[in-house]
Amino acid sequence: QVQLHESGGGLVQPGGSLRLSCTASRRTFIDYAMGWFRQAPGKEREFVAAINWSGPDGPKTYYVDSVKGRFTISRDNAKNTIYLQMNSLKPEDTAVYYCERGAGAAWGYSVDYWGQGIQVTVSS
């Protein structure tokens, strides 16, 4: 199966910032939308953010309402990497974050591959 590799994250105080990265092989990355999901202990897996494959007009982005204005998803196609910049972090953002590949070039909330997950903990 295709593997996606997350990095970044860790422990941060409320109001702080973290940046997650997800890298894939070139053949896995090009022409695909990419997204981030998260899952807190005992909670359901939740969509966080996604970005379409880049084009002449730039990639469209999507966010769950709870992170709008705080999180920014971006991609560096030359590095086969997507990022999730997380600012103004809150304790409720604590979860394991998963990088996932969309089923096509445009995000449709369906995925075909995912990473192992990386822990984000927001606590005083």
Side-chain angles (χ1 to χ4, degrees):
Q1 66 174 1
V2 177
Q3 296 292 326
L4 306 175
H5 306 282
E6 302 103 333
S7 62
L11 175 65
V12 66
Q13 294 182 337
S17 298
L18 288 171
R19 188 179 74 163
L20 304 183
S21 300
C22 173
T23 301
S25 68
R26 184 65 174 170
R27 67 168 184 160
T28 298
F29 189 84
I30 59 171
D31 297 329
Y32 287 96
M34 302 287 291
W36 292 93
F37 288 74
R38 65 187 180 186
Q39 188 166 26
K43 303 296 183 180
E44 188 175 280
R45 178 170 164 272
E46 177 189 38
F47 167 76
V48 178
I51 185 167
N52 286 349
W53 171 248
S54 185
D57 298 324
K60 183 176 176 64
T61 58
Y62 307 82
Y63 300 93
V64 67
D65 286 345
S66 62
V67 309
K68 286 183 177 179
R70 300 190 298 120
F71 290 12
T72 302
I73 188 170
S74 62
R75 65 193 300 162
D76 185 337
N77 293 338
K79 294 183 177 181
N80 307 321
T81 300
I82 64 165
Y83 304 96
L84 185 67
Q85 179 66 46
M86 304 183 292
N87 299 326
S88 302
L89 283 162
K90 304 174 180 179
E92 52 262 45
D93 295 318
T94 296
V96 176
Y97 284 69
Y98 296 90
C99 176
E100 306 197 15
R101 191 181 80 171
W107 182 255
Y109 298 93
S110 296
V111 300
D112 54 4
Y113 296 100
W114 55 92
Q116 296 298 306
I118 189 164
Q119 180 70 45
V120 171
T121 302
V122 185
S123 177
S124 299

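Predicted model only: the values in this text are computed from it and were never measured.
Side-chain atoms of Arg38 and Val67, non-hydrogen and from C-beta on, do get closer than 4.5 Å to each other. Put simply, the side chain of Arg70 reaches to within 4.5 Å of the side chain of Asp93, judged on heavy atoms. In this structure, the side chains of Thr28 and Leu4 come closer than 4.5 Å at one or more pairs of heavy atoms.
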Q: Evaluate the criterion side-chain hydrogen bond (donor to acceptor under 3.5 Å, both in side chains) for residue pair Thr94 and Thr121; output intermediate values, then yes/no.
A: CA-CA 5 Å; Thr94 296; Thr121 302; 5.3 Å; no
Q | CA sep, side-chain torsions, deciding dist, call: Asn87, Ser17, side-chain hydrogen bond (donor to acceptor under 3.5 Å, both in side chains) | A | CA-CA 4 Å; Asn87 299 326; Ser17 298; 2.8 Å; yes
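Residues Val120 and Val96 do not share a hydrophobic cluster, clusters being chains of Ile/Leu/Val/Met/Phe/Trp/Tyr side chains in contact below 4.5 Å. Note on Ile82 and Ile30: same hydrophobic cluster, where clusters join Ile, Leu, Val, Met, Phe, Trp and Tyr whose side-chain heavy atoms are under 4.5 Å apart, directly or indirectly. One hydrophobic cluster, built from ILVMFWY side chains closer than 4.5 Å, holds both Ile73 and Leu20. A chain of hydrophobic side-chain contacts below 4.5 Å, direct or via other Ile, Leu, Val, Met, Phe, Trp or Tyr residues, connects Tyr63 to Leu89. A chain of hydrophobic side-chain contacts below 4.5 Å, direct or via other Ile, Leu, Val, Met, Phe, Trp or Tyr residues, connects Phe71 to Leu18.
If you take OG on Ser21 and NE2 on His5, they are separated by 13.0 Å, rounding to the nearest 0.5 Å. Atom OG of Ser110 sits about 10.5 Å away from atom CD of Glu100, to the nearest 0.5 Å. Within the model, atoms OG of Ser7 and OH of Tyr83 stand 8.5 Å from one another, a figure rounded to the nearest 0.5 Å. Here the straight-line distance linking atom CE of Met34 with atom CG of Asn52 works out to 12.0 Å at 0.5 Å rounding. A distance of 8.5 Å separates CD in Gln39 from CD in Glu44, rounded to the nearest 0.5 Å.
Although no hydrogens or angles enter the test, the distance criterion places a donor-acceptor pair under 3.5 Å between the side chain of Arg26 and the main chain of Asn77.
When all heavy atoms of Ala33 and Ala106 are compared, the pair lying nearest together is CB-C, 3.9 Å. Here the closest heavy-atom approach between residue Asp112 and residue Trp114 is recorded as O-CZ3, 3.8 Å.
More than 12 heavy atoms of other shown residues, nucleotides or ligands fall within 6.0 angstrom of atom CD in Glu92.
Shown here are the salt bridge (Lys or Arg N to Asp or Glu O under 4.0 Å) partners of Lys43, two or more places apart in sequence or in another chain: there are none. Take Glu6 and apply the salt bridge (Lys or Arg N to Asp or Glu O under 4.0 Å) test, not counting sequence neighbours, and it matches no residue.
The only member of Trp107, Tyr97, Tyr62, Trp36 that meets ring pair (Phe, Tyr, Trp, His ring centres under 6.0 Å) when paired with Phe47 is Trp107.
Checked for salt-bridge contact, Lys68 and Asp65 meet the test: a charged N lies under 4.0 Å from a carboxylate O.
Remark: Arg45 is positioned above the aromatic ring of Phe37, its terminal NZ or CZ atom under 6.0 angstrom from the ring centre and at most 45 degrees off the axis. Remark: Arg75 is positioned above the aromatic ring of Phe29, its terminal NZ or CZ atom under 6.0 angstrom from the ring centre and at most 45 degrees off the axis.
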